[in-house]
Amino acid sequence: MQVSFNPSLEIDRVLRETALSVPSIGPDFDPGVRPADPRFGDFQANGVLGYAKRKGINPRELGEALLHALQASDKLDPKQIEMTLSGPGFLNFRLSGEFLWQWLLEHAGKEDFRAGATSLRKGRTIVIDYPSANTAKQAHIGHIRPMVIGEAIARLLDFCGAKTIRDNHIGDWGTNFGTLIMKIKRDGINLEQISENPLAALDNLYKAGSALEQEQPELREQSRSELVSLQNGDPENTALWEQIVDISTRAFDALFAQLGVRVDHTLGESFYRDKVDRIYDELTETGLAEESDGALVVWHDEVKKFSRDNERPYPFNIRKKDGASNYATTDLATILYRVEEFKAEEVVYLTDARQQDHFEQLFLTTKKWFAAKNYPVPQMNHVWWGTILGPDKKPFKTKSGETIKLQALLDEACQRAYIVVTAKNPELEEEERRQIARTVGIGALKYADLSSNRTQDYVFDWDRMLSFEGNTAPYLLYAVARINSIFRKTGIDPDAAIEGASPLETEAEQTLARKLMGLPNALELTLHDLRPHFLCTYLHELAGAYSSFYNADKVMVEETDVRARRLLLCARARTVLITGLELLGIDPLERM
RNA sequence: GUGGGCGUAGCUCAGUUGGAUAGAGCAUCGGAUUUCUAAUCCGAGGGUCGGGGGUUCGAAUCCCUCCGCCCAUGCCA
């Protein structure tokens with residue numbers, strides 16, 4: 001018997017083929033195969049109902065015709081896949097225990113899952129635009145989302161066969177440098193002598209500089225001229241700028257290391273400063289851009305909001321009236337670079353919800369521009385998310401109303417986790433407890449960010465995310481640790497082949513086995529919308545199925561065949577949980 | 001005003017082209033532990049899916065309308 005990584009695709013394919021032989025069904029038939037409620041089977045095909053409705057035929061009769069054709073075709077072995085028609089026209093498919101078992105045998109290790117998933121995005125070159133931090137400012141709680149969601153999505157795309165390029169598009173050429181340089185020069189500060197937290201010092205200098213500009217507006221002119229001379233290549237200002245960027249880079253690298261974020265390229269706005277003239281030229285030459293109020297803008301008349309006769313004009317402004325570029329300009333230059341240099345077939349942007357209009361305009365403009373110039377148009381995708389809220393349902397702040405620094409957040413997560421770990425497992429060495437606490441704390445923080453639908457705001461709650469109950473990282477990590485414990489005690493390598501197992505028997509075994517086979521669907525859902533919470537939900541259900549199994553059926557029993565079978569289930573659960581956690585950017589633990 | 005998101009159990013959230021009796025976790029209540037990590041498991045109660053109307057075999061999901069919350073609304077990113 002042959003089983004595929006995702007049996008529902010196989011069923012879908014067979015249904016489409018078979019449908020061609022049914023007179024009342026045309027080639028536009030979509031079987032609509034999906035996982036079913038366990039009461040009805042493993043998979044169900046709902047497409048018959050919708051199709052019958054559109055064609056004005058009786059759905060039950062259509063279902064019967066399709067089912068008969070299916071049974072006659074011999075394409076699905078009825079001993080392995082039981083097919084039934086029920087209700088108004090649902091087609092239900094239940095896999096045999098033998099089929100399930102075969103699936104478990106053929107999908108043993110992480111590489112088998114990867115091999116199954118790799119067809120989903122095989123060889124596709126995808127640039128991921130993240131985490132796109134700003135220079136000269138300390139990271140705060142808001143920056144955790146691009147790092148965590150971006151990393152998870154990048155790992156998922158990697159796993160599914162894409163050739164990913166993680167491009168950190170930093171804001172290192174903005175107007176804030178004028179103010180910062182003005183303030184640094186005014187105070188005669190030597191950046192090399194700033195000690196402990198240089199980025200915090202820069203942050204404060206900028207704030208002080210801005211405040212000063214408020215008091216003495218004439219200083220704004222000075223800041224502007226510092227910026228102009230920086231942009232004209234003045235050696236002194238360039239040296240200062242390099243120091244500032246360097247300080248920022250170091251600070252962010254430290255955060256990336258703690259959060260497991262990997263960056264392939266850091267090509268910020270400064271990198272594109274000599275590439276913007278081409279943007280102005282090409283967009284003007286193709287007739288897309290025109291002057292408006294002294295600025296160079298692109299209108300999109302087919303979209304009401306961006307059309308020139310909208311009651312509130314909202315064009316895509318690509319050059320300010322003072323002649324300077326802005327983020328629209330650099331984003332256009334950037335996408336061109338990614339297509340020309342990286343051969344990007346797809347670009348995924350990760351930002352918060354507030355930038356939706358910008359990306360809609362960017363995508364519209366890029367499509368028209370590339371079409372006019374005959375450049376390959378990449379698929380463009382804006383992955384956006386909501387706000388992290390505090391208990392008061394307002395953006396999460398400290399008690400005194402200040403923005404929470406990202407480093408402080410990470411430290412608190414580890415501290416809180418350490419207290420919990422120490423309470424639960426005091427006999428471990430302190431160093432190991434510290435290490436476990438780091439994994440649990442950071443993992444809990446990440447999981448909280450990933451487990452709810454990203455397009456919604458979510459309420460931040462320390463106690464909930466660090467709880468060992470519910471849909472949390474500790475619950476998943478604990479499930480893995482318990483499995484590890486079994487293998488440690490028996491001295492068996494969880495990755496080694498397990499021989500002599502007898503087929504599945506108990507209800508808990510079968511439920512767990514079915515849940516294990518749900519991985520392909522979870523991956524596809526996650527990939528389709530680039531929403532990691534689908535994977536989280538699946539992993540939580542899997543860990544739950546494992547825990548139920550663990551409580552119901554003892555693994556280390558005398559009968560060697562039963563023991564082997566249950567060990568195999570443990571090994572598979574472990575592999576899937578570990579694989580899933582790693583895709584989310586969470587490090588599994590040997591014990592906790 | 002326009003556009004986007006949202007409103008589902010006391011709380012936090014799921015809910016895959018419209019599908020079968022709307023789910024989970026927490027909290028509450030009742031059980032299970034000479035245990036392979038009980039940091040767990042099993043069970044119970046809890047809902048006019050914001051209100052109203054419509055489309056149809058079928059609506060949390062689609063359409064209309066109203067109410068409420070968050071966000072965006074040309075030269076910051």
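Quick caveat: nothing in here was measured; it's all calculated off a predicted structure. The chains referred to below are lettered A, B, ... by the order of the sequence lines, with proteins before strands, and numbering in each begins at 1. Just so you know, these numbers use all the heavy atoms, side chains as well, and skip hydrogens, waters and symmetry mates.
Between the side chain of D203(A) and the backbone N or O of K137(A), no donor-acceptor pair lies under 3.5 Å. For the pair R34(A) (side chain) and Q44(A) (backbone), a donor-acceptor distance under 3.5 Å is absent. Under a 3.5 Å cut-off, the side chain of T351(A) and the backbone N or O of W384(A) do not form any donor-acceptor pair.
Residue-to-nucleotide contacts include no donor-acceptor pair under 3.5 Å from the side chain of K305(A) to the base of G1(B). In the interface, the side chain of K321(A) is not paired with the base of G74(B) through any donor and acceptor atom under 3.5 Å apart. At a cut-off of 3.5 angstrom, counting only N and O atoms as typed in the model, there is no donor on one side facing an acceptor on the other between the side-chain of Y478(A) and the base of A39(B). Judged by distance alone, with hydrogens and angles left aside, N92(A) brings a side-chain donor or acceptor within reach of the base of A20(B), the pair sitting under 3.5 Å. The base of A24(B) has none of its N or O atoms less than 3.5 Å from a complementary donor or acceptor on the side chain of T537(A).
For Q356(A) and G5(B), the CD to C1' distance is 7 Å, given to the nearest whole Å. Following rounding to the nearest Å, L542(A) (CG) and G25(B) (C1') show an atom-to-atom distance of 16 Å. As rounded to whole Å, 15 Å separates atom P of C76(B) from atom CG of N134(A). What separates CG of D42(A) from C1' of A20(B) is a distance of 17 Å, to the nearest Å. The nearest whole Å value for the distance from the OH atom in Y447(A) to the C1' atom in U12(B) is 14 Å. Spacing between atom CG of N453(A) and atom C1' of A24(B) amounts to 15 Å, rounded to whole angstrom units. When the C1' atom of A77(B) is taken as reference, atom CD1 of I170(A) falls 13 Å away, rounded to whole Å. Here the C1' atom of nucleotide A20(B) and the CZ atom of F43(A) are 18 Å apart, to the nearest Å.
Centroid-to-centroid, the aromatic rings of Y475(A) and H540(A) come within less than 6.0 Å. Residues F359(A) and Y349(A) bring their aromatic ring centres within 6.0 Å.
Rounded to whole Å, the separation between the P atoms of G7(B) and C13(B) comes to 10 Å. Between A24(B) and U8(B), the two C1' atoms lie 13 Å apart (nearest whole Å). Comparing the P positions of G68(B) and A22(B) gives a spacing of 31 Å, expressed to the nearest Å. On the P atoms, C64(B) is 16 Å away from G18(B), given to the nearest whole Å. Comparing the same atom, C1', in C26(B) and in A39(B) gives a spacing of 15 Å after rounding to whole Å. To the nearest whole angstrom, the two C1' atoms, one in C42(B) and one in G3(B), are 49 Å apart. For the P atoms, the distance linking G54(B) with C49(B) amounts to 16 Å, nearest Å. The gap from the C1' atom of U65(B) to that of C29(B) amounts to 43 Å, rounded to the nearest Å.
No side-chain heavy atom of F93(A) sits under 4.5 Å from any side-chain heavy atom of P7(A).
Look at K394(A) and you won't find any side-chain N or O under 4.0 angstrom from OP1 or OP2 of C69(B). Between C11(B) and R464(A), no contact under 4.0 Å exists linking OP1 or OP2 to a side-chain N or O. Within the structure, every side-chain polar atom (N or O) of R319(A) is placed at least 4.0 Å from both OP1 and OP2 of G74(B). Note on Q456(A): a side-chain N or O is less than 4.0 Å away from OP1 or OP2 of A14(B). Contact annotation: H358(A) does not reach the phosphate of G74(B) (side-chain N/O to OP1 or OP2, under 4.0 Å). For R482(A), a side-chain nitrogen or oxygen approaches OP1 or OP2 of A38(B) to under 4.0 Å. The phosphate of A77(B) (OP1 or OP2) has no side-chain N or O of S132(A) nearer than 4.0 angstrom. Applying the 4.0 Å criterion to OP1 and OP2 of A38(B), one finds that Y550(A) has a side-chain N or O inside that range.
Partner of W385(A) under the side-chain contact (heavy atoms from CB on, under 4.5 Å) criterion, out of D449(A), I149(A), T455(A), N453(A): I149(A) alone.
When each of S452(A) and M556(A) is assigned the nucleotide of RNA chain B with its nearest heavy atom, S452(A) is the one assigned upstream, toward the 5' end. Heavy-atom nearest nucleotides on RNA chain B were determined for R488(A) and for T175(A), and the one closer to the 5' end corresponds to R488(A).
Minimum atom distance to the side chain of E469(A) is reached by A27(B), of the listed A27(B), U12(B), C36(B). The side chain of D30(A) sits closest to U17(B) out of G4(B), U17(B), U37(B). Candidate nucleotides C41(B), C57(B), C71(B) were compared by shortest atom distance to the side chain of R354(A), and C71(B) ranks first. Closest contact between the side chain of R34(A) and the listed nucleotides C42(B), U16(B), A39(B) involves U16(B). In the set G74(B), G25(B), G19(B), G74(B) carries the atom at the smallest distance from any side-chain atom of P313(A).
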Please step through side-chain hydrogen bond (donor to acceptor under 3.5 Å, both in side chains) for the pair D129(A) and S132(A), ending with a clear verdict.
CA-CA 7 Å; D129(A) 187 310; S132(A) 312; 2.8 Å; yes

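Judged by centroid separation below 5.5 Å and plane tilt below 30°, F90(A) does not stack onto the base of G19(B). In this structure, Y475(A) does not count as stacked on the base of A39(B) under the 5.5 Å centre distance and 30° plane angle limits.
Note on S547(A): only backbone sugar-phosphate atoms sit closer than 4.0 angstrom, heavy atoms only; bases stay farther off.
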